[in-house]
There are 2 protein chains.
Amino acid sequence: MPQRGRPRGFDAEAALERAVEVFWRQGYEGASVSDLTAAMGINKPSLYAAYGGKEELFRKVVARYAEQDMGYARNAIAQPTAYQVVATLLRENVLAVTRPDRPAGCLSIQGGTACSDENAPVAGFLAASRLAGEHALAERFAGAVAEGDLPADADPVALARFVMIVTEGQAVHAAAGVSREDLQQAAEIALAGFAAASGARLPERAT
Amino acid sequence: MPQRGRPRGFDAEAALERAVEVFWRQGYEGASVSDLTAAMGINKPSLYAAYGGKEELFRKVVARYAEQDMGYARNAIAQPTAYQVVATLLRENVLAVTRPDRPAGCLSIQGGTACSDENAPVAGFLAASRLAGEHALAERFAGAVAEGDLPADADPVALARFVMIVTEGQAVHAAAGVSREDLQQAAEIALAGFAAASGARLPERAT
DNA sequence: TCAGATACGTACCGCTCGGTACAGAATTCT
DNA sequence: AGAATTCTGTACCGAGCGGTACGTATCTGA
């Protein structure tokens, strides 16, 4: 029972990928259904049949983005020490928000921080997804405190919040056109600041 | 020759203030002209006659916002030491983006980081205005280096970029509903990080 | 071979968008 | 008083919005 009826005439994954770029570049409200179908190479009824509507498409787009473009965050959180977690996260985030083959910034911010009352759920959904990453990072830091990798008096939740604030600021900055190199400098300052403020154990190196 | 013809039936400054809130809460594209006129208590032709149009109104709104709601930044930059500049800026920014009588976040981000091609000038205008503040801060830090308040090898431009990144991240976080107290914790971490990473001279206190 | 099912393209739906024409009301200058 | 000027409210403009009805094309299962 694989497929009955006429088979779909386009690659749903490839079309979704095109939609990622449109929403990323123009935001949820700034991307019209016509913009989307033009970029995806399909007609409107196909979009509604395959994805359910604009908002449902957007949610699928965000899910795909999280999987395809946020992998570095999962990689970062798996690093062996808190310092390396933050170093990886901040450095990889700079690369991610300044990829030359992608729109500048980060979909979960470019998608829309503010919108009309009608679309408020979209902004809320994006905000919640950003905060979910922060919770994961806080738990990672809590583990680091338990291991002695971070000092006992370190506040894992506040530290995670600081790090996520930096990544969000980097994304906003990147969207404003700031270069990868310039953001890398700022990331190193943030990393040094994290190390000093948290008391994290540093990796072996010449001091 | 003060006024000829029928006098305006509303207070243009008060109406502009209402418009600030609408754009702040809903963003440029998310705020319709009808939303604006309803909040301002005027009809559309009055809006066009008094302000020139939606985009011109938005620019006037941003100018008013910069004057009324960003005063803390000018105050911060006038502090006597780099450390105090950053301490004031970060702490006051937290208060500004979490004012209970105002929308959460910051107009220059909520206004729109991404939008349709048609409104791209608006996003560019906001981005440029954010970066202007960063330049002013960099010059302040350059002066601090010259004075010996910051070490000779400190990079004023990169430090300013780091600080502005934090303020932008705070604004995004605030718009997501994070509380003032939670942001204050993160601001203290950022401040301690700035001090450590920059080598700024600290104010006298118990070490 | 043909019925059932699914996807496609066209053409359209009601609605809201940003923006304006126009006539009447309120004021100043002569 | 009356002309000139400016603001106000209503009613409207063309365009684009998100979303869909419908007839046709293409597939599977019997």
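Just so it is clear: chains get the letters A, B, ... in the order the sequence lines come, proteins before strands, and each one is counted from 1.
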With sugar-phosphate meaning primed atoms plus P, OP1 and OP2, does A12(B) contact a base, only sugar-phosphate, or nothing at under 4.0 Å between heavy atoms?
nothing
Atom CZ of F58(B) to atom P of dG18(C): distance rounded to whole Å?
13 Å
Whole Å only: how far is the CZ atom of R8(B) from the P atom of dT5(D)?
18 Å
Nearest whole angstrom, please: distance from the P of dT20(D) to the CG of N43(A).
16 Å
Rounded interatomic separation in angstrom, taking NZ from K44(A) and C1' from dC13(C)
10 Å
Quick one: is dA7(C) close enough that its OP1 or OP2 comes under 4.0 Å of any side-chain N or O from S46(A)?
no
Separation of dC17(D) P from L57(A) CG (nearest whole Å)
15 Å
Taking the six-membered ring for Trp, is the centroid-to-centroid distance between F23(B) and F58(B) below 6.0 Å?
yes
Heavy-atom nearest nucleotide on DNA chain C for E29(B) versus R6(B): which residue maps closer to 5'?
E29(B)
Gap between atoms CZ and C1', on R4(B) and dA3(D) respectively (whole Å)
10 Å
Return the nearest nucleotide to the side chain of S32(B); candidates are dC29(C), dG18(C), dA21(C).
dG18(C)
Less than 3.5 Å between a donor and an acceptor, one on the side chain of K54(B) and one on the base of dG18(C), is that the case here?
no
Using a strict cut-off of less than 4.0 Å between a Lys/Arg side-chain nitrogen and an Asp/Glu carboxylate oxygen, indicate whether E17(A) and R102(A) qualify as a salt bridge.
yes
Quick test of your reading of the model: are D69(A) and R99(A) salt-bridged, counting only N-O distances below 4.0 Å?
yes
Kindly indicate whether the side chain of V62(A), heavy atoms from C-beta on, has any atom under 4.5 Å from the side chain of F125(A).
yes
In whole angstrom, give the distance that lies between atom CZ of F10(A) and atom P of dT26(D).
17 Å
Can you figure out which of dT20(D), dA5(C), dG19(C) approaches the side chain of Y48(A) most closely?
dT20(D)
Side-chain N or O of S34(B) closer than 4.0 Å to phosphate OP1/OP2 of dG18(C):
no
Specify the separation, in whole Å, of atom CG of L36(B) and atom P of dT16(C).
17 Å
